[in-house]
Protein chains: 2
Amino acid sequence: MDTRQMRYFVALAETLHFGHAAARMNMTQPPFSRQIAALERDLGVQLVERSSRQVVLTPAGERFLKDSRAVLAGFDSACREARLVAEGLHGELRFGFMMHAAHSIVPRLVSRYVALRPEVRLTLVETTPAEIAQRLLAGELDAGLSFGARALPQLDSLPVFTDRLCLVVPKGHALAGCRVVQAQDLTGLAVIAAPARVSPTLRGAVEGWFAAQGLLPDIRFEPQLQTTILRLVAAGLGVALVPASIVGEEASVRAVPLEAAPELPIVLSSPAGSHNRALEPLREMIRDGSWRDVPA
Amino acid sequence: MDTRQMRYFVALAETLHFGHAAARMNMTQPPFSRQIAALERDLGVQLVERSSRQVVLTPAGERFLKDSRAVLAGFDSACREARLVAEGLHGELRFGFMMHAAHSIVPRLVSRYVALRPEVRLTLVETTPAEIAQRLLAGELDAGLSFGARALPQLDSLPVFTDRLCLVVPKGHALAGCRVVQAQDLTGLAVIAAPARVSPTLRGAVEGWFAAQGLLPDIRFEPQLQTTILRLVAAGLGVALVPASIVGEEASVRAVPLEAAPELPIVLSSPAGSHNRALEPLREMIRDGSWRDVPA
DNA sequence: GGGCAATGATGCTGAGAGGGTATCGATGGA
DNA sequence: TCCATCGATACCCTCTCAGCATCATTGCCC
């Protein structure tokens, strides 16, 4: 009792003739008749009323015909879907990224991606750099846009672009007009930075910049999100070292270049050996740089 | 590529272990592995990533698992439904009846039937006696409640009850108080009756009653429905001979017994040799008279 | 009414699908 | 390094399933 017998039965129901139905199934009538009889025996249900002159469906046969068509359509569709997912044309791509990337890079990547793969369900996960790596390794994400930390062998990474730390101060702050600042210019100022558990790379870059000049930052607040940091700076609660790419969102702060500003490589990471071919266009548009052509 | 391989794959996806999945399918691991490989080959899609240490689903496998569960559930449900329809517990019963029967017999039959076969979709078709016979023969109805005309060999009929013609006159009519009327009492009165093409039996009974007394009715109006006839009588447009069972619906007419009133047997007819077992409870409640116990 | 054509069922046969046993190869842990 | 685990492979056997030939029934036509 399988789909083959169901197909036989549908052919019979549509022709109401054993010989013609058998021909449609590319076989001869005797084994076809036996398959129908076997189907009825296995079901314990008479599906067709036969005489040597005509074949008619019983009510159970009518119902089984309707259901069989649906089952066979579902079966074929399942096979087709599997092939499409294997080709990366259908399926799902779970894409995680740092929250502050949502404002600049992500919209361009996404708009280009959906043009290339309109049938792929794109799940966007705004989260923190630390969680991106963890969820990539756990198989909960297919791709992650984050800072390029130490290269893990279980992750394949592609460079996207290089960000750069800069200082942000409230509008009207004494340092707002500087051409470039050094660590000692920040002596006595409260610094706002995300904790290392949220973004080890970013936190490391911030502390590294101070350390390189022999100083320690006076970190007073530790929010998780860069946008929160900008708000706190705007409110006059301190200054911060943030990726340059996110300044400009907040009109009430001013960015100032840093002396020997640390570079922050942004990479797209995905699990090594991923079978999700829906990932390929995303990696490809980053590899060939074509995502930059999309208007921001 | 059939449902068996789908079941194997679902077992594998749920256990992620070839040996355990094979055991669940009551077979040994080698042929099980071959079936999975054959499924992948036929689909042209890798569904699982194997190593000697672990088995994981590919994205295509995840999708195929989801679809396979739905297809298998549909398959099993189709088989179950076929059995239920064959037993008459599920399915459809298309029941046609004369419009005026809807007011008395049909509600009782239906309320008892749905208590016995709650899962059967009961399609109620109000129509005319002539059409009932025609649609029963065409296989468009499973049962019909109508006048028992000449017994057709293609139809099985069960007597339901015997109706009787009576005269209806407008309230306040000269004949309204009569104990019994004869055909000659109606001389000069306009008579309203349905045409023969709508109900040959009823029309025959009306004309037969007049003819038996050597008279011809002066039939002035020919509506199709008995309820329309009652309205026309109530409006003073004439008198009519109608089945006694329908009087009482219309307060503005009076029924008067006929001398030698023709009897009108009401029968339930169904196609001879019908395979619709959902019909059985309906026939049974009429055969044993239990439908009369239902409050009208 | 008898022959005939059409149609579904049945008997027999052969090829192949599918399952069992034994075993191999790879891999990770003790 | 040895061993246990686990999926793959080789080989064999059984039984399913399709083909061929034929039968049984039934309606049709001369």
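Residue numbers begin at 1 in each chain, while the letters A, B, ... track the order of the sequences.
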Give a yes/no on whether any side-chain N or O of [X] is located under 4.0 angstrom from OP1 or OP2 of [N].
{"X": "B:Q54", "N": "D:dC6", "result": "no"}
{"X": "B:S33", "N": "D:dG7", "result": "no"}
{"X": "B:H17", "N": "D:dG7", "result": "yes"}
{"X": "B:Y8", "N": "C:dG19", "result": "yes"}

Greater than 12 external heavy atoms within 6.0 Å of B:R287's CZ: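 Yes, the 6.0 Å shell around CZ holds more than 12 heavy atoms from other groups.
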Would you mind reading off the distance between [X] atom [atom1] and [N] atom [atom2], rounded to a whole angstrom?
{"X": "B:R7", "N": "C:dG18", "atom1": "CZ", "atom2": "C1'", "answer": "17 Å"}
{"X": "A:F32", "N": "C:dT10", "atom1": "CZ", "atom2": "C1'", "answer": "17 Å"}
{"X": "B:F18", "N": "C:dA26", "atom1": "CZ", "atom2": "P", "answer": "17 Å"}
{"X": "A:D2", "N": "C:dA17", "atom1": "CG", "atom2": "C1'", "answer": "12 Å"}
{"X": "A:M25", "N": "D:dC17", "atom1": "CE", "atom2": "P", "answer": "16 Å"}

Rounded distance (nearest 0.5 Å) linking atom CZ of A:F64 with atom CZ of A:R69: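 Interatomic distance, A:F64 CZ to A:R69 CZ, rounded to 0.5 Å: 12.5 Å.
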About how many Å separate CG of A:L47 and NE2 of B:H275, when rounded to the nearest 0.5 Å?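 B:H275 NE2 to A:L47 CG: 11.0 Å, rounded to 0.5 Å.
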Nucleotide of [options] approaching [X] most closely (side-chain heavy atoms):
{"X": "A:M27", "options": "D:dG19, C:dA9, D:dG7", "result": "D:dG19"}
{"X": "A:Q35", "options": "C:dG19, D:dA18, C:dG8", "result": "D:dA18"}
{"X": "A:P30", "options": "D:dC20, D:dG7, D:dA10", "result": "D:dC20"}
{"X": "B:Q29", "options": "D:dA8, C:dG19, C:dA9", "result": "D:dA8"}

Any N/O donor-acceptor pair, B:R34 side-chain to C:dG20 base, under 3.5 Å: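 Answer is yes: a donor-acceptor pair is held.
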On DNA chain C, nearest-nucleotide positions of A:R50 versus B:T28: which is more 5'?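 Comparing both residues, the 5'-ward one is A:R50.
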Do A:R80 and A:D76 meet the salt-bridge criterion of a basic N to acidic O distance under 4.0 Å?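 Between A:R80 and A:D76 there is no salt bridge, as every charged N stays at least 4.0 Å from the carboxylate O atoms.
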Going through the checks in order, is the salt bridge (Lys or Arg N to Asp or Glu O under 4.0 Å) test met by B:E81 and A:K66? CA-CA 11 Å; B:E81 276 303 311; A:K66 191 163 148 279; over 6 Å; no
